[in-house]
Amino acid sequence: MSNIQKVVGIAFIKDKKLLIVQSKKSSKTNSYTFIGGGVEEGETIIDAAVREVSEEIHNGFTIEPTELELVMTKQEKAASDPNKTIEMNMFIAKKEINVKLVPNEEILIYHWYSLDEDLNVSNSIKDFIDYAKKNNIL
């Protein structure tokens, strides 16, 4: 099981909508994921979450470890590669995004997702939505 990659996903919620993205990688399967990515060697999951938020939202946006709450950890197939198993660590961000979301080389689409939309979202997003509904978050 050492070939399982640790990954972080960060849920930003605004007006009962969830920020999802389509990255260059996830566009290959036409799916949407959370802001997030792999945990690098020597990083904790919280360090990785802080770094990924800064990299993927960019425009000077940062988040502090105290503004993140770990809500779920699970193993699943990667949205970008169904042959790869990941350990997804999902966080809720307790900070509102206060910069313009601008597509870049890594993130092609930023989207505020309503639960009634029919998009191809990752299993992590589906699981998070179930969690969020049960806990009156969405």
TODO: Following the transitive rule for hydrophobic clusters with a side-chain heavy-atom cut-off under 4.5 Å over Ile, Leu, Val, Met, Phe, Trp and Tyr, establish whether I4 and L70 coincide in one cluster.
DONE: no
Task: Minimum heavy-atom distance between M88 and V8, given as atom pair plus value - done: SD-C, 3.8 Å
Open item on the list: Can you pull out every ring-ring contact (aromatic ring centres under 6.0 Å, His included) where at least one residue sits in residues 76-98? Sequence neighbours excluded, please.
Closed with: none
- [ ] State whether a side-chain donor-acceptor pair under 3.5 Å links T73 with N89.
- [x] yes
- [ ] Please tell me if the side chains of L19 and Y113 come closer than 4.5 Å, counting only heavy atoms from C-beta onward.
- [x] no
Open item on the list: Show me the pairs that pass salt bridge (charged side-chain N to carboxylate O under 4.0 Å, His left out) and involve residues 127-137, at least two apart or across chains.
Closed with: K74-D127
Open item on the list: Please enumerate all residues that pass side-chain contact (heavy atoms from CB on, under 4.5 Å) together with E43, with sequence neighbours excluded.
Closed with: V39, E40, D47, A48, R51
Task: Shared hydrophobic cluster for I137 and L18 (ILVMFWY, side-chain gaps under 4.5 Å) - done: yes
Task: Side chain E67, main chain E64, donor-acceptor under 3.5 Å - done: yes
Task: S122 vs S31 side-chain heavy atoms within contact, under 4.5 Å - done: no
Task: salt bridge (charged side-chain N to carboxylate O under 4.0 Å, His left out) partners for E106, two or more places apart - done: none
Open item on the list: Side-chain heavy atoms nearer than 4.5 Å, only ILVMFWY residues, links allowed to pass through others: does that put I63 and I20 together?
Closed with: no
- [ ] Look at the side-chain heavy atoms of Ile, Leu, Val, Met, Phe, Trp and Tyr, link any pair under 4.5 Å apart, and say whether I109 and L119 land in one connected group.
- [x] yes
TODO: Not counting sequence neighbours, list each pair that qualifies as a salt bridge (charged side-chain N to carboxylate O under 4.0 Å, His left out) and has a residue in residues 83-92.
DONE: none
Open item on the list: Run the side-chain contact (heavy atoms from CB on, under 4.5 Å) test on Q75 and I86 for me, step by step, so that the C-alpha distance in whole Å, both residues' side-chain angles and the decisive distance to 0.1 Å come before the verdict.
Closed with: CA-CA 6 Å; Q75 287 187 7; I86 60 171; over 6 Å; no
- [ ] Consider only side-chain heavy atoms of I, L, V, M, F, W and Y, link residues closer than 4.5 Å, and tell whether I129 and V71 are in one cluster.
- [x] yes
Open item on the list: If the condition is salt bridge (charged side-chain N to carboxylate O under 4.0 Å, His left out), which residues does E69 pass it with, not counting sequence neighbours?
Closed with: K94
- [ ] Sequence neighbours left out, what passes side-chain contact (heavy atoms from CB on, under 4.5 Å) with S27? Give chain and number order.
- [x] Q22, L108
TODO: Apply side-chain contact (heavy atoms from CB on, under 4.5 Å) to V21 and list each qualifying residue two or more places apart in sequence or on a separate chain.
DONE: T33, I35, I107, Y110
Open item on the list: The test is side-chain contact (heavy atoms from CB on, under 4.5 Å); show your working for T62 and V50 and say whether it passes.
Closed with: CA-CA 7 Å; T62 60; V50 167; over 6 Å; no
Open item on the list: For E117, give me all partners under salt bridge (charged side-chain N to carboxylate O under 4.0 Å, His left out), at least two apart in sequence or on another chain.
Closed with: none
Open item on the list: Does anything in residues 115-138 form a ring-ring contact (aromatic ring centres under 6.0 Å, His included)? List the pairs, not counting sequence neighbours.
Closed with: F34-F128
Open item on the list: Under 6.0 Å from the ring centre and within 45 degrees of the ring axis: does the NZ or CZ of K95 meet both conditions for the six-membered ring of F61?
Closed with: yes
Open item on the list: I'd like to check the ring-ring contact (aromatic ring centres under 6.0 Å, His included) partners of Y32; sequence neighbours left out, ordered by chain and number.
Closed with: none
- [ ] Write out all pairs satisfying salt bridge (charged side-chain N to carboxylate O under 4.0 Å, His left out) with one or both partners inside residues 14-31, taking only residues at least two apart or from two chains.
- [x] none
Task: Option from L101, V53, I92 for which side-chain contact (heavy atoms from CB on, under 4.5 Å) with F12 holds - done: V53
Open item on the list: Ignoring hydrogens, what is the shortest heavy-atom contact between V102 and H58? Give both atom names and the distance.
Closed with: O-NE2, 3.1 Å
TODO: Enter the distance from L115:CG to I125:CD1 here, rounded to the nearest 0.5 Å.
DONE: 11.0 Å
